Peer 1: 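Quick one: the structure is below, questions incoming.
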There are 2 protein chains.
Amino acid sequence: MDQIDAKIITLLQQNARISISQIGRLINMTQPAVGERVRKLEDRGIIKGYQVVLDPEKLGKQIMAYILIQTENCGNLVEFCNQSPEVIEAHQLSGQFNFIIKVMTESMQTLNSFLHTCSKYGFTTTMTVLSSPTDTKALPIEITESN
Amino acid sequence: MDQIDAKIITLLQQNARISISQIGRLINMTQPAVGERVRKLEDRGIIKGYQVVLDPEKLGKQIMAYILIQTENCGNLVEFCNQSPEVIEAHQLSGQFNFIIKVMTESMQTLNSFLHTCSKYGFTTTMTVLSSPTDTKALPIEITESN
DNA sequence: CCTGAAAATAGAACCGC
DNA sequence: GCGGTTCTATTTTCAGG
């Protein structure tokens with residue numbers, strides 16, 4: 001992981017479908033050299049994959065909410081989250097509420113029915129999102145010799 | 001937005017760097033047809049972009065945390081979030097805590113100094129993430145005539 | 001939405017540092 | 001190990017139907 005890798009990742013963060021040749025042009029390096037660096041970043045697991053960023057509202061997902069859960073059975077809850085398409089993220093927490101999940105639903109009604117099911121796993125507190133000033137922002141990259 | 005668009009998006013969700021020709025092969029459609037569908041999805045804003053998914057830990061970001069904030073000046077806080085590389089997401093909420101932000105830092109120490117700055121904008125509650133059973137999961141896609 | 005040709009791109013083999 | 005050159009296969013783009 002050096003400055004060149006950092007530049008490559010920065011360009012891929014801006015547009016993950018940029019061509020390898022185009023990256024090469026922008027950082028003054030030949031296409032095969034860039035290609036092999038990208039392959040190595042993938043092999044080392046620094047690049048985990050490439051995702052398309054969709055507009056949730058244009059796909060009918062109007063409601064975003066965070067649900068805090070106080071559960072005693074994390075395993076069951078994790079399984080439930082994996083099976084539920086509404087769940088976009090799930091994180092285990094330290095503290096009184098030991099779980100937070102991020103959900104997206106079509107309407108308040110579907111959110112409500114989801115919450116009903118969710119409450120089987122523990123006490124819940126729901127916070128609905130009014131607006132998202134920043135979402136899916138890029139990770140800052142530091143250059144370290146180790147990685 | 002029809003079933004074909006849904007299939008294309010599903011394939012792009014799995015790997016946003018898949019070639020257009022490969023998508024065509026998988027859904028039995030010629031490459032130019034797929035290419036134009038993708039272009040239209042981009043033009044309509046359904047596809048907002050393509051992101052590389054990085055491993056935060058391998059980039060030195062060991063700590064993930066959610067911070068709930070009770071602020072009276074959303075504008076300043078939003079500006080602060082935009083300027084802070086630690087902030088990955090920021091959402092305005094309904095309820096007592098009117099803001100939630102997701103941050104990633106190198107260490108507890110950097111998280112702590114970030115929290116110190118953050119507290120200037122209002123009362124905060126921090127929840128550190130122990131593990132993430134699911135992160136950056138794909139949005140489910142519904143086929144509607146309108147979009 | 002398909003076909004077909006030209007341009008651009010990706011991947012592999014090989015060379016030199 | 002790392003990058004450059006060259007060659008080949010694949011992909012993209014753009015014409016026309």
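So you know, we letter chains A, B, ... as the sequences are listed, proteins then strands, and number each from 1. Since we're looking at a predicted model, the values are computed, not measured.
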Peer 1: Does C:dA10 have OP1 or OP2 under 4.0 Å away from a side-chain N or O of A:Ser21?
Peer 2: yes
Peer 1: Whole-Å distance between D:dG1 P and A:Ile4 CD1?
Peer 2: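 The distance from CD1 of A:Ile4 to P of D:dG1 comes to 16 Å, rounded to the nearest Å.
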Peer 1: List in numerical order all residues of residues 22-38 of chain B for which some heavy atom is under 4.0 Å away from an atom belonging to DNA chain D.
Peer 2: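 Within this stretch, B:Arg25, B:Gln31, B:Pro32 sit under 4.0 Å of the strand.
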Peer 1: Which word best sums up how the rings of B:Phe97 and B:Phe123 line up, parallel for under 30°, tilted for 30 to 60°, or perpendicular for over 60°?
Peer 2: parallel
Peer 1: Provide, to the nearest angstrom, the distance between the CD1 atom belonging to A:Ile20 and the C1' atom belonging to C:dT9.
Peer 2: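 For the pair A:Ile20 CD1 and C:dT9 C1', the rounded distance is 10 Å.
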Peer 1: Contact between A:Asn76 and A:Thr71 at the side-chain level, heavy atoms closer than 4.5 Å - yes or no?
Peer 2: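 Not touching, per the 4.5 Å side-chain cut-off.
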Peer 1: Say whether B:Glu79 and B:Tyr121, considering side chains only, have a donor N or O and an acceptor N or O under 3.5 Å apart.
Peer 2: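 Looking only at side-chain atoms, B:Tyr121 and B:Glu79 do not form any donor-acceptor pair under 3.5 Å.
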Peer 1: Before giving the answer on salt bridge (charged side-chain N to carboxylate O under 4.0 Å, His left out), spell out for A:Lys102 and A:Asp135 the whole-Å C-alpha distance, their side-chain angles and the decisive distance to 0.1 Å.
Peer 2: CA-CA 12 Å; A:Lys102 177 184 179 177; A:Asp135 201 356; 3.7 Å; yes
Peer 1: Any side-chain donor-acceptor pair under 3.5 Å between A:Gln92 and B:Ser131?
Peer 2: yes
Peer 1: I need the CD1-C1' distance between B:Ile8 and C:dC1, as an integer number of Å.
Peer 2: 12 Å
Peer 1: Nearest-Å distance, CZ (B:Arg39) to C1' (D:dT12)?
Peer 2: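 Taking atom C1' of D:dT12 as the reference, CZ of B:Arg39 is at 14 Å.
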Peer 1: Should the ring pair A:Phe80 and A:Phe114 be called parallel, tilted or perpendicular, given that the plane angle runs from 0 to 90° and is split at 30 and 60?
Peer 2: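 Rings of A:Phe80 and A:Phe114: parallel, under 30°.
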Peer 1: Name the residue closer to the 5' end of DNA chain D, choosing between A:Lys40 and B:Ile18 according to the nucleotide with the nearest heavy atom.
Peer 2: A:Lys40
